[in-house]
Amino acid sequence: MSLDGHYDPDNIFAKIVRGEAPSVKVFEDHDTLAFMDVFPQGRGHVLVIHKRADARNILEIEPEALTAVTLTTQRIARAVRAALQPDGVLVAQLNGGEAGQTVYHLHFHVIPRWQGVPMGRHASGKMADMAELKELAEAIALEIS
Ligand code: 5GP
């Protein structure tokens with residue numbers, strides 16, 4: 001899908017927000033939701049979304065909603081660092097299929113990185129173990145301030 005198009009209210013993240021699809025939640029407030037990526041590119045890979053903004057990408061989202069989702073992304077990045085002690089934290093946000101985007105509901109990736117550990121493939125590969133994702137989510141959630 002290109003940068004042009006319409007927001008699909010039945011995309012997988014919209015379904016997660018509505019509780020129609022499962023997710024391992026890390027954090028939720030009035031506006032935003034953070035949950036574990038089920039095809040993680042690294043241990044502790046978290047996704048952060050706005051719950052109501054019907055924006056597919058950063059080009060479409062209203063400034064106020066972008067502010068909310070960005071502030072939650074920073075909180076998650078800090079919590080990931082505190083919980084997992086990575087050597088680096090990658091924050092990524094993809095716009096359009098040519099940029100690698102696969103889910104068309106604006107989201108930020110928070111991916112902890114460790115020296116010598118290669119990053120996993122994007123949006124593919126093995127589905128994570130749910131019990132492990134829950135443990136990671138709990139550890140990260142404990143560090144959110
Ligand atoms: P994008 O390619 O749009 O930047 O990122 C979409 C992300 O969503 C990918 O990292 C992919 O692994 C993740 N993803 C795809 N389907 C699901 C799902 O059903 N649940 C969760 N938690 N993550 C998903």
Side-chain angles (χ1 to χ4, degrees), residues 1-29 31-62 65-141 143-144:
M1 200 186 286
S2 75
L3 287 177
D4 301 313
H6 296 288
Y7 178 83
D8 173 8
D10 284 328
N11 74 77
I12 185 64
F13 293 173
K15 286 182 176 174
I16 285 172
V17 169
R18 293 196 297 267
E20 295 166 10
S23 69
V24 178
K25 290 184 186 175
V26 176
F27 172 81
E28 184 166 18
D29 64 10
D31 294 319
T32 64
L33 173 66
F35 54 98
M36 303 306 295
D37 196 306
V38 286
F39 302 106
Q41 289 182 260
R43 194 170 146 264
H45 182 168
V46 182
L47 299 169
V48 185
I49 64 173
H50 196 283
K51 292 196 286 188
R52 289 181 311 284
D54 55 355
R56 295 176 311 141
N57 56 50
I58 203 165
L59 308 176
E60 296 177 356
I61 194 166
E62 294 298 328
L66 178 60
T67 300
V69 75
T70 307
L71 290 175
T72 296
T73 300
Q74 185 192 44
R75 288 176 84 179
I76 295 299
R78 287 175 168 165
V80 160
R81 182 190 187 186
L84 305 179
Q85 305 290 312
D87 301 313
V89 180
L90 178 79
V91 174
Q93 190 278 313
L94 314 180
N95 301 284
E98 286 305 313
Q101 186 174 13
T102 57
V103 177
Y104 291 83
H105 178 117
L106 173 86
H107 53 280
F108 283 87
H109 298 260
V110 178
I111 308 175
R113 300 298 318 277
W114 286 270
Q115 200 176 2
V117 179
M119 195 154 84
R121 286 174 55 192
H122 175 65
S124 61
K126 207 168 136 226
M127 190 177 268
D129 175 75
M130 286 304 133
E132 193 187 344
L133 281 193
K134 280 180 189 152
E135 267 179 35
L136 285 164
E138 281 167 21
I140 296 166
E143 298 293 343
I144 293 173

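One is the number of the first residue; the rest follow in order along the sequence. Heavy atoms only: backbone and side chains are in, while hydrogens, waters and symmetry mates are out.
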Would you check, one step at a time, whether the test side chain to side chain contact (heavy atoms under 4.5 Å, CB included) holds for Met130 with Val38? CA-CA 8 Å; Met130 286 304 133; Val38 286; 3.7 Å; yes
Walk me through it: do Met127 and Phe39 pass the test side chain to side chain contact (heavy atoms under 4.5 Å, CB included)? CA-CA 5 Å; Met127 190 177 268; Phe39 302 106; 3.8 Å; yes
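Expressed to the nearest 0.5 Å, how far CG of Leu47 lies from CD1 of Ile16 amounts to 8.0 Å. Atom CG of residue Asp8 and atom CZ of residue Phe13 lie 13.0 Å apart, to the nearest 0.5 angstrom. Atoms CD1 and OG1, from Ile61 and Thr70 in turn, are 7.5 Å apart once rounded to the nearest 0.5 Å. With values rounded to the nearest 0.5 angstrom, Glu62 atom CD is found 9.0 Å from Asp54 atom CG. Taking CZ of Arg43 as the reference point, atom CG of Leu84 lies at 5.0 Å (rounded to 0.5 Å). Atoms CD1 and NZ, on Ile140 and Lys25 in that order, are 16.0 Å from each other to the nearest 0.5 Å.
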Less than 3.5 Å apart, which donor and acceptor atoms pair up between the side chains of residues 106-116 and the rest of the protein, not counting sequence neighbours?
| unit_1 | atom_1 | unit_2 | atom_2 | d |
| --- | --- | --- | --- | --- |
| His107 | ND1 | His105 | O | 2.7 |
| His109 | ND1 | His45 | NE2 | 2.9 |
| Arg113 | NH2 | Val117 | O | 3.1 |
| Trp114 | NE1 | Gln85 | O | 3.4 |

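Residues forming a salt bridge (charged side-chain N to carboxylate O under 4.0 Å, His left out) with Asp10 (at least two apart in sequence, or on another chain): Arg18. Evaluation of the salt bridge (charged side-chain N to carboxylate O under 4.0 Å, His left out) rule for Asp37 yields no partner, not counting sequence neighbours.
Each of Val69, Asn95, Leu94 was evaluated against Ile58; a single residue qualifies, Asn95, per the side-chain contact (heavy atoms from CB on, under 4.5 Å) test. Ile144 pairs with exactly one of Thr72, Val26, Val80 by the side-chain contact (heavy atoms from CB on, under 4.5 Å) rule, that one being Val26.
Looking at heavy atoms from C-beta onward, Phe27 lies out of side-chain contact with Val48 at the 4.5 angstrom threshold.
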